[in-house]
Amino acid sequence: MERTLSLIKPDGVSRNLVGEVIRFFEKAGLRVVALKMLRLTKEEAAEFYSVHRDKPFFDSLTDYMSSGPIVALVLEGENAISRCREIMGATNPAEAAEGTIRRAFGLDKEKNTVHGSDSPESAAREIAFFFSERELLAGKR
Ligand code: UDP
Ligand code: MG
């Protein structure tokens, strides 16, 4: 069993796609074990995406990610990290495979509806960024 962090980004929440996005994950057998809605400050978005701080898209990305509410989810399942990324599709929705979330809903390379951790190290860091031990225990069965 593995856990990963996913975010439904502001374009997904504002277009009323929270349930649809979660449905893609659940349909594929990933289980939601923690969930919350929140709005990041620009500073929090910069901290979350700090690996990208030197990229040309960083300022626009952090403006966008703090522009409205997001939903944070912890997903659990076998190979949850890579499976979540498969279900999301490529970063650029125009290049995302048929049947993926970004192909279905992504607007452009930035407003691509979902985030998913890319490694066990990122998953651990990103889950702890959004959820306390108590919130993680709540989803335990
Ligand atoms: N992004 C962007 N322009 C780019 C590449 C990425 O605006 O050229 C944004 C996009 O929202 C992406 C996020 O930055 O999801 C993080 O980029 P990363 O390369 O980590 O893509 P991901 O892991 O989300 O597929
Ligand atoms: Mg990434």
Ile8 vs Ile22 side-chain heavy atoms within contact, under 4.5 Å: yes

Is there a donor-acceptor pair under 3.5 Å between the side chain of Asn112 and the backbone N or O of Thr91? yes

Who are the salt bridge (Lys or Arg N to Asp or Glu O under 4.0 Å) partners of Glu135, not counting sequence neighbours? Lys36

So, taking the atom named CZ in Arg125 and the one named CD in Glu121, what distance separates them when rounded to the nearest 0.5 Å? 12.0 Å

Under a 3.5 Å cutoff, is there a donor and acceptor pairing between the side chains of Glu110 and Ser60? yes

Under a 3.5 Å distance rule, please check whether Arg103 uses its side chain to pair with a backbone N or O of Ala94 as donor and acceptor. no

With heavy-atom distances below 4.5 Å as the criterion, would you say the side chains of Phe129 and Leu40 are in contact? yes

Could you go through the side chain to side chain contact (heavy atoms under 4.5 Å, CB included) check for Leu30 and Arg83 one step at a time? CA-CA 8 Å; Leu30 294 178; Arg83 286 187 47 227; 3.8 Å; yes

Using a 4.5 Å cut-off on heavy atoms from C-beta on, say whether the side chain of Phe24 contacts that of Thr100. no

Donor-acceptor contact present, side-chain Glu2 to main-chain Glu78, <3.5 Å: no

Side chain to side chain donor-acceptor pair (under 3.5 Å) involving Asp59 - partner list, sequence neighbours excluded: Lys42

According to a 4.5 Å side-chain heavy-atom criterion applied to Ile, Leu, Val, Met, Phe, Trp and Tyr, with indirect links allowed, do Val13 and Met65 form part of one hydrophobic cluster? no

Is a side-chain donor or acceptor of Arg3 paired with a backbone partner of Glu76 at a separation under 3.5 angstrom? no

Could you go through Phe48 and Leu7, starting from their C-alpha distance and side-chain angles, then the distance that decides it, and tell me whether this counts as side chain to side chain contact (heavy atoms under 4.5 Å, CB included)? CA-CA 11 Å; Phe48 181 74; Leu7 300 176; 3.7 Å; yes

Just by distance, do the side chain of Ser6 and the backbone of His115 share a donor-acceptor pair under 3.5 Å? yes

Check whether any side-chain heavy atom of Leu75 sits under 4.5 Å from a side-chain heavy atom of Val32, and report yes or no. yes

Could you tell me whether the side chain of Asp11 and the main chain of Thr113 form a donor-acceptor pair under 3.5 Å? yes

Any non-hydrogen side-chain atom of Pro10 less than 4.5 Å from a side-chain atom of Ile70? yes

Mark yes or no for whether Asn79, through its side chain, and Ser82, through its backbone, hold a donor-acceptor pair below 3.5 Å. no

As a quick check of understanding, evaluate side chain to side chain contact (heavy atoms under 4.5 Å, CB included) for Phe57 and Tyr64, giving each step before the final call. CA-CA 11 Å; Phe57 58 80; Tyr64 161 59; over 6 Å; no

So, Ser66 side chain and Thr62 main chain: donor-acceptor pair closer than 3.5 Å or not? yes

Partners passing side-chain contact (heavy atoms from CB on, under 4.5 Å) against Ser122 (at least two apart in sequence or in another chain): Ser117, Asp118, Ser119, Glu126

Show the nearest heavy-atom pair for residues Met37 and Val71, with the distance to one decimal. CE-CG2, 3.7 Å

Is it the case that the side chain of Arg102 and the backbone of Gly89 share a donor-acceptor pair, with hydrogens and angles ignored and the cut-off at 3.5 Å? yes

CG on Leu136 to CZ on Arg134, rounded to 0.5 Å: 11.5 Å

Let me see the working for Leu38 and Phe130 under side chain to side chain contact (heavy atoms under 4.5 Å, CB included), right down to the final yes or no. CA-CA 9 Å; Leu38 72 155; Phe130 284 100; 3.8 Å; yes

Does Arg85 use its side chain to pair, donor to acceptor, with the backbone of Gly116 at less than 3.5 Å? yes

